[in-house]
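Computed from a predicted model, the values in this text were never measured in an experiment.
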Amino acid sequence: MPRFATWNVNSLKVRQERVEQWLTDIQPDIVCFQETKLADAAFPQLAFESLGFSSAHHGEGRWNGVAILARNGLADVSVGFADGVEPDSEARVMTARCDGITIVSVYVPNGRVVGSDHYEYKLSWLDRLGSHLDAVTAPGDAVIVAGDFNVAPADVDVYDPAAFEGETHVTKPERERLGALLDRGLTDVFRQQYPGAERVFSWWDYRRGDFHEGRGMRIDLVLGSQPIADRVEWCIIDRNARKGKMPSDHAPVIVDLAD
DNA sequence: ATGGTAGAGCATCTA
């Protein structure tokens, strides 16, 4: 039973030891990372190889950076958008094929301030992700699009919707663009498994003790095409990985798929 | 009290 996981590690350099322990504990078969904050030359491919993973990385150094790891090898690795337009200025998406699944690791722009240039970049980036999927997938393909979407799909995915009035991650334009991705035939796997679950989060601000006070958002998502959604046996957000010394501010999402 | 922390890198920018 293949195990898929995605995790915004918020600097792989700082998190390497914790990440390796987590890989050993969780034993995933396919992994997407976001916010490695590494240049490609600094990506620790050999360390992952010694743990049994093939890997590929798309980074720029100080910020962003995505990676894909797979136990059974990676094929057709591509970085950035494949929609044939100008390259994205930031390292936020990469695609590979493993175990017959097209895997897309995404780090959606944060958006910063509603109405800012970066917010507009976020909206157009989400649109481009749809075009990218047109370019790299075909109807009926097994596809997983996973990572930090920086959008909470609904109010139940936010600890206090009122606290985010006028803020990014919850605005209608952002949710509409996420919805447009779902309308392409992708399923939010966690929500499919737990339709009524409220206040289950994947990210907590480092400040104010937000993690321990339960003030978070569910913004790390695993979207699966129908062939994937039909195979989901189990899904959790691994809150344990947010505990202890020097955690990422994000928890991983783990999904087990039937063979 | 418009706060707070973390990471990259050394002044701020990003989240």
Side-chain angles (χ1 to χ4, degrees), chain A residues 6-22 32-44 47 57-67 80 88-94 105-126 128-129 146-153 157-171 173-175 177-178 201-221 237-253:
Chain A
T6 182
W7 193 7
N8 178 324
V9 294
N10 187 19
S11 171
L12 190 52
K13 185 179 176 184
V14 162
R15 222 69 67 199
Q16 184 70 23
E17 194 178 332
R18 179 184 274 262
V19 164
E20 290 187 18
Q21 185 62 56
W22 175 82
C32 293
F33 288 136
Q34 300 84 36
E35 276 205 273
T36 61
K37 295 184 176 176
L38 293 176
D40 288 333
F43 182 73
H57 180 254
H58 174 41
E60 61 188 76
R62 297 176 71 181
W63 295 306
N64 311 311
V66 289
D88 191 6
S89 57
E90 302 184 355
R92 297 183 173 277
V93 58
M94 65 181 299
S105 182
V106 301
Y107 177 44
V108 177
N110 172 284
R112 297 177 197 165
V113 175
V114 174
S116 66
D117 286 351
H118 194 75
Y119 178 77
E120 296 302 323
Y121 170 58
K122 178 180 194 174
L123 298 182
S124 61
W125 200 96
L126 285 163
R128 264 192 101 173
L129 180 56
D148 178 359
F149 281 76
N150 272 317
V151 180
D157 300 307
V158 179
Y159 80 91
D160 178 8
F164 289 94
E165 278 292 331
E167 306 273 323
T168 58
H169 295 59
V170 300
T171 67
E174 290 164 272
R175 284 178 170 168
R177 276 155 181 87
L178 178 61
F201 308 131
S202 68
W203 171 86
W204 302 260
D205 197 305
Y206 282 120
R207 296 170 285 192
R208 304 174 307 183
D210 276 9
F211 177 68
H212 295 286
E213 299 294 333
R215 293 188 291 261
M217 287 196 217
R218 190 174 69 90
I219 57 176
D220 298 87
L221 309 176
I237 298 177
D238 181 13
R239 293 179 78 263
N240 284 328
R242 180 62 173 77
K243 298 176 181 173
K245 279 185 68 174
M246 290 180 69
S248 167
D249 46 352
H250 294 254
V253 185

Exercise for review: Would you check, one step at a time, whether the test side chain to side chain contact (heavy atoms under 4.5 Å, CB included) holds for V108(A) with W125(A)?
Suggested key: CA-CA 7 Å; V108(A) 177; W125(A) 200 96; 3.7 Å; yes

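Across the protein-nucleic acid pair, R207(A) atom CZ and dT2(B) atom P stand 14 Å apart, rounded to whole Å. Atom C1' of nucleotide dA15(B) and atom CD1 of I219(A) are separated by 10 Å, given to the nearest angstrom. Per the geometry, CH2 belonging to W204(A) stands 20 Å off P belonging to dA15(B), to the nearest Å. In this structure, the CG atom of D148(A) is 13 Å from the C1' atom of dT14(B), given to the nearest Å. Separating the CD atom of E60(A) from the P atom of dG9(B) is a distance of 11 Å, rounded to the nearest angstrom. Rounded to an integer number of Å, the gap from L12(A) CG to dG7(B) P is 13 Å. When the P atom of dG3(B) is taken as reference, atom OH of Y206(A) falls 21 Å away, rounded to whole Å. Taking atom CG of N110(A) as the reference point, atom P of dC13(B) lies 16 Å away to the nearest angstrom.
In this structure, of dT5(B), dA8(B), dA15(B), it is dA15(B) that holds the atom nearest to the side chain of R92(A).
In this model, the phosphate group of dA6(B) is not approached by any side-chain N or O of R15(A) to a distance below 4.0 Å at OP1 or OP2. At least one side-chain nitrogen or oxygen of R112(A) sits closer than 4.0 Å to the OP1 or OP2 atom of dA15(B). Distances shown here put every side-chain N or O of R62(A) at or beyond 4.0 Å from the OP1 or OP2 atom of dT14(B). Side-chain N/O atoms of S248(A) include none lying less than 4.0 angstrom from OP1 or OP2 on dA6(B). Within the 4.0 Å cut-off from OP1 or OP2 of dA15(B), not a single side-chain nitrogen or oxygen of H250(A) is found.
Separating the C1' atom of dT14(B) from that of dG9(B) is a span of 13 Å, rounded to the nearest Å. For dG3(B) and dC13(B), the P atoms lie 16 Å apart once the distance is rounded to whole Å. Spacing between dA15(B) and dG4(B) at atom C1', rounded to whole Å, works out to 13 Å.
Between T36(A) and D205(A), the residue whose closest nucleotide on DNA chain B is further toward the 5' end is D205(A). Positionally, the nearest nucleotide of DNA chain B for S11(A) lies more toward the 5' end than for the other of D249(A) and S11(A).
Taking the centre of each ring, Y159(A) and F164(A) come in below the 6.0 Å mark.
Among the protein residues, F211(A) comes within range of no part of the nucleic acid, since none of its heavy atoms lies under 4.0 Å from any strand.
Side chain of R92(A) to main chain of Y107(A): a donor-acceptor pair is present (N/O by atom type, distance under 3.5 Å, no hydrogens or angles).
The closest side-chain donor-acceptor pair between D238(A) and W7(A), if any, does not fall under 3.5 angstrom.
Using a 4.0 Å cut-off between charged nitrogen and carboxylate oxygen, R208(A) and E213(A) do not count as a salt-bridge pair.
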